[in-house]
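One structure is given below, encoded as structure tokens.
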Amino acid sequence: MTLTRWTDEIGWAGVEPVAYADVHVEDAPTISYRARSWESPVVESSFAATELTPSWNASTPSGSWLLVEGRFESDLGWTPWLVFARWAATAPDEGAPVTRTTVSGQHGESGAVATDTFVADDAHPFSRWQLRVTGLGGTPSAGWPEASLVAASVAGKRSAPQEGTSAPGVTVGTELPVPPLSQRLHADTFPEWDNGGGSWCSPTSLTMLLRYWGLAPTTAETAWVGHHVDPDVVHAVRGVYDPAYGGAGNWAFNAAHVATRGLRAFVTRLRDLTEAEAFISAGIPLVVSVSFEADELDGAGYSTRGHLLTVVGFTTDGDVISNDPNSHRLASNEQVRTVYRRDQFERVWLGPGGGLTYVIHPADHPLPPAPAEPNW
């Protein structure tokens with residue numbers, strides 16, 4: 001698994017206007033948007049690649065938006081450009097010209113786009129790939145979209161995690177002061193966004209990290225929520241919701257939203273908890289994806305086919321300290337902090353989720369040194 005990032009190399013070139021009618025607005029007119037585009041270099045994969053998940057950090061001034069695409073070369077040749085997102089930092093009721101969305105139904109012999117990830121057909125892994133970002137609707141008065149980061153996490157076919165576990169490292173006994181937040185406090189609220197807070201694990205985890213870095217929205221920004229129970233969680237949900245997916249768990253949208261708050265954020269895959277310890281040692285908490293049955297993770301109190309939670313530290317024995325927004329299925333911030341056995345946690349994280357991780361930090365806060373085959 002590898003991560004490729006561009007931060008300073010993003011330059012734009014003018015292209016032909018792009019016509020689009022918002023598919024989530026009934027009888028929306030087709031509008032021709034001024035456009036300029038950036039294409040990444042073609043990237044060679046050092047292994048037979050089967051998945052790619054993009055990330056971007058960008059701003060979209062009033063009236064503008066981004067189109068994010070990718071293409072992939074296998075033994076069948078290049079795919080056409082596939083759409084990862086039509087994205088704006090805000091929602092239409094905040095002034096965005098389009099509804100933030102992914103695009104369903106992009107299937108081909110080489111593979112398919114599964115919401116936020118290109119998944120290659122098992123028989124046709126890809127050897128080369130390329131991303132393209134198009135800024136649309138820029139005006140002399142409001143300005144063009146700008147991107148400060150474009151990244152892609154690439155992985156090969158995964159095998160089942162080993163029964164063993166990584167050995168605890170120098171970070172044992174370290175816990176970062178990440179404020180705990182429970183998604184369960186929002187159950188049955190705002191049902192139009194994936195039936196309310198019971199499924200808001202990703203934006204709740206992000207909000208914990210926004211509070212940790214001192215960049216959570218202000219009371220003025222969250223006044224529209226209409227209640228005082230952690231309204232910044234609801235604010236995050238509005239910023240990440242994907243109507244095509246029907247949920248608030250789009251990985252790229254979550255990273256892009258955090259970046260609009262002044263942080264750098266990208267999606268990657270880590271190889272084990274030793275790598276996670278390096279981030280804790282650097283003062284950087286993580287958000288990770290897990291999947292498990294109730295008897296596979298002691299102390300959780302639930303089963304899940306996919307859940308996001310934080311890693312905020314390690315006990316003196318090397319076990320994982322997590323702010324788990326599912327909070328033992330209880331609507332209480334006091335139930336969020338949970339200690340999980342290291343061996344169990346590593347297996348349910350590296351298993352179906354393949355070590356998927358959000359890395360979120362201020363741009364001037366350095367990351368730990370990257371491994372030889374960089375995944376950050």
Side-chain angles (χ1 to χ4, degrees), residues 1 3 5 53 55 57 149 151 153 155 161 165-166 168-181 183 201-213 215 236 240 249 251-252 254-259 261 263-292 297 300 306-315 318-326 336-340 342 344-351 353-363 365-371 374-376:
M1 55 187 71
L3 181 86
R5 286 192 296 162
T53 304
S55 308
N57 297 174
L149 175 145
S153 173
T165 186
S166 62
V170 296
T171 311
V172 295
T174 301
E175 181 174 357
L176 303 177
V178 178
L181 294 174
Q183 72 193 69
C201 55
S202 188
T204 305
S205 296
L206 293 189
T207 304
M208 292 190 240
L209 268 58
L210 285 171
R211 288 193 181 184
Y212 171 78
W213 292 115
L215 290 168
V240 305
W251 298 332
N254 276 261
H257 172 71
V258 171
R261 305 298 307 171
L263 293 168
R264 179 165 287 175
F266 56 88
V267 180
T268 189
R269 295 179 189 273
L270 301 186
R271 299 179 179 93
D272 56 28
L273 284 171
T274 302
E275 292 191 339
E277 284 190 74
F279 284 91
I280 299 301
S281 181
I284 302 172
L286 301 171
V287 177
V288 306
S289 176
V290 294
S291 177
F292 55 89
L297 190 62
H307 177 58
L308 279 293
L309 45 69
T310 68
V311 174
V312 303
F314 293 86
T315 69
D319 290 331
V320 175
I321 306 172
S322 172
N323 278 359
D324 184 343
N326 207 23
V336 168
R337 183 187 181 275
T338 307
V339 175
Y340 291 125
R342 184 184 187 97
Q344 292 182 335
F345 190 92
E346 195 161 70
R347 284 196 291 272
V348 303
W349 171 46
L350 300 181
L356 187 129
T357 304
Y358 298 162
V359 175
I360 298 165
H361 67 108
H365 188 109
L367 297 174
N375 51 342
W376 68 81

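Heavy atoms only: backbone and side chains are in, while hydrogens, waters and symmetry mates are out. Keep in mind it's a predicted model, so treat the numbers as computed, not measured.
Listed by chain and number, the residues in a ring-ring contact (aromatic ring centres under 6.0 Å, His included) with H307 are Y302 (sequence neighbours excluded). Residues that satisfy the ring-ring contact (aromatic ring centres under 6.0 Å, His included) test with F279, not counting sequence neighbours, are W376.
Using modelled atom types, no side-chain atom of R347 and backbone atom of F292 make a donor-acceptor pair closer than 3.5 Å. At distances below 3.5 Å, not a single donor-acceptor pair connects side-chain atoms of W349 with backbone N or O atoms of G354. Proximity of a side-chain donor or acceptor of D324 to a complementary backbone N or O of L309 within less than 3.5 Å is not detected. The closest donor-acceptor contact from the side chain of E175 to the backbone of G313 lies at 3.5 Å or more, if one exists at all. Formation of a donor-acceptor pair under 3.5 Å by the S322 side chain with backbone atoms of T310 is found in this model. Panel note: side chain N254, backbone V240; no donor-acceptor pair is recorded below 3.5 Å. E277 places a side-chain N or O within 3.5 Å of a backbone atom of G169 that can act as its donor or acceptor partner. Side-chain atoms of N323 come within 3.5 Å of backbone N or O of V178 as a donor-acceptor pair. Under a 3.5 Å cut-off, the side chain of S55 and the backbone N or O of V267 do form a donor-acceptor pair.
Contact record, C201 with P325: O-CG, 3.8 Å, taken as the closest heavy-atom pair. Nearest heavy-atom pair across L149 and A265 is CD2-O, 4.0 Å. Between P179 and M208 the shortest heavy-atom distance is O-CG, 3.2 Å. The nearest pair of heavy atoms linking P285 to W213 is CD-CZ2, 4.2 Å. G283 approaches L176 most closely through the heavy-atom pair C-CD1, 3.6 Å. For the residue pair T174 and I321, the shortest heavy atom distance occurs at O-CD1, 4.3 Å.
A 4.5 Å side-chain heavy-atom check between L367 and V359 finds at least one atom pair inside the cut-off. At a threshold of 4.5 Å between non-hydrogen side-chain atoms, the residues N375 and E275 count as touching. At least one side-chain heavy atom of P371 sits under 4.5 Å from a side-chain heavy atom of R271.
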Side chain to side chain donor-acceptor pair (under 3.5 Å) for R342 and S166? Distances and angles first, verdict last. CA-CA 8 Å; R342 184 184 187 97; S166 62; 3.1 Å; yes
In sequence, state the C-alpha distance, the side-chain angles, and the governing distance for S202 and Y358, and then conclude on side chain to side chain donor-acceptor pair (under 3.5 Å). CA-CA 10 Å; S202 188; Y358 298 162; 3.0 Å; yes
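How far CG of L206 is from CG of L181: 11.0 Å, rounded to the nearest 0.5 Å. Between the CG atom of L297 and the OG atom of S291 there is a distance of 11.0 Å, given to the nearest 0.5 Å. Note that NE2 of H361 and CG of L286 are 11.0 Å apart. Values are rounded to the nearest 0.5 Å. Between atom CG of residue L3 and atom OG1 of residue T357 there is a gap of 11.0 Å, rounded to the nearest 0.5 Å. Interatomic distance, L215 CG to R261 CZ, rounded to the nearest 0.5 Å: 7.0 Å. Separation of atoms CZ (R264) and CG (N57) is listed at 7.0 Å; rounding is to 0.5 Å.
The aromatic rings of F345 and Y340 lie parallel to each other, their planes meeting at an angle below 30°, with 60° marking the opposite boundary.
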